[in-house]
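See structure below.
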Amino acid sequence: MHVVPVADDDRPDSALPPLRVLLVEDLPRVQLMLRELIEEPGRFDVVGVADSEEQAVSTFDGTQPDVVVVDLNLRAGTGMGVLQRIRQRKGGQRPLLIVLTNHTLPVLRHACERAGADHFLDKSREFAQVRVLIEARAQQR
């Protein structure tokens, strides 16, 4: 059996611009792990990394990402504030909002959903699921 390799140009999304991802996380080690998980030149670009609510909103406004990965605990402000402020923005494309946190109480999950989160993931158990969700978003374009 002869196997023909699939060139990158044959991927359904190869003609599209890279999906733009903003990381909102206060821990540098986790920022690095997320970047290594997500970034794939020409396909998924991390366009910004923020560790506070104000920096996240400012970076969001300046980069208009397709996906935002948000931790709830930040150096200043909260991830919940980031969700609410992004969802209040008028115009533009609605980004995919993924909460990735170690605080997984149901009450927090519901609060994040009310604030506009599309997904709520347990950082210790579902870390790799972030990539799966971003891949799925790319397929929807």
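Basis for what follows: all heavy atoms, side chains included, without hydrogens, waters or symmetry-related copies.
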Treat each ILVMFWY residue as a node, draw an edge where side-chain heavy atoms are under 4.5 Å apart, and state whether [X] and [Y] are in one component.
| X | Y | value |
| --- | --- | --- |
| L72 | V57 | no |
| V130 | V46 | yes |
| V49 | L74 | no |
| L27 | I38 | yes |
| F60 | V69 | no |

Over all atoms of both residues, closest heavy-atom pair of [X] and [Y]:
| X | Y | result |
| --- | --- | --- |
| P18 | F44 | CB-N, 4.3 Å |
| A115 | R87 | O-CG, 3.5 Å |
| Q55 | A50 | OE1-CA, 3.4 Å |
| L37 | F127 | CD2-O, 3.6 Å |
| L22 | G48 | CD1-O, 3.3 Å |

Within-4.5 Å side-chain heavy-atom neighbours: V21 and L34: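 Sidechains of L34 and V21: no contact.
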Main-chain N/O of Q31 paired with E25 side-chain donor or acceptor, under 3.5 Å: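 Not a single qualifying donor-acceptor pair exists.
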State which residues pass salt bridge (charged side-chain N to carboxylate O under 4.0 Å, His left out) with [X]; sequence neighbours excluded, sorted by chain then number.
| X | answer |
| --- | --- |
| E126 | none |
| E135 | R43, R131 |
| R85 | E53, E54 |

side-chain hydrogen bond (donor to acceptor under 3.5 Å, both in side chains) contacts in which one or both residues fall within residues 56-70, not counting sequence neighbours: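 Checked against side-chain hydrogen bond (donor to acceptor under 3.5 Å, both in side chains) - neighbours excluded - the pairs reaching residues 56-70 are D61-R89.
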Looking at [atom1] of [X] and [atom2] of [Y], how far apart are the two atoms once the value is rounded to the nearest 0.5 Å?
| X | Y | atom1 | atom2 | value |
| --- | --- | --- | --- | --- |
| E40 | L19 | CD | CG | 11.0 Å |
| L23 | M33 | CG | CE | 12.5 Å |
| Q129 | L121 | CD | CG | 6.0 Å |
| R29 | L32 | CZ | CG | 9.5 Å |

Would you list the atom pairs, donor with acceptor, under 3.5 Å between side chains in residues 94-112 and any protein atom, with sequence neighbours excluded?
residue: R94; atom: NH2; partner: D118; partner atom: OD1; Å: 3.1
residue: T101; atom: OG1; partner: H103; partner atom: N; Å: 3.0
residue: H103; atom: NE2; partner: N73; partner atom: ND2; Å: 2.8

Inter- and intrachain pairs under salt bridge (charged side-chain N to carboxylate O under 4.0 Å, His left out), touching residues 67-82, at least two apart: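 Found D51-R75, D71-K123.
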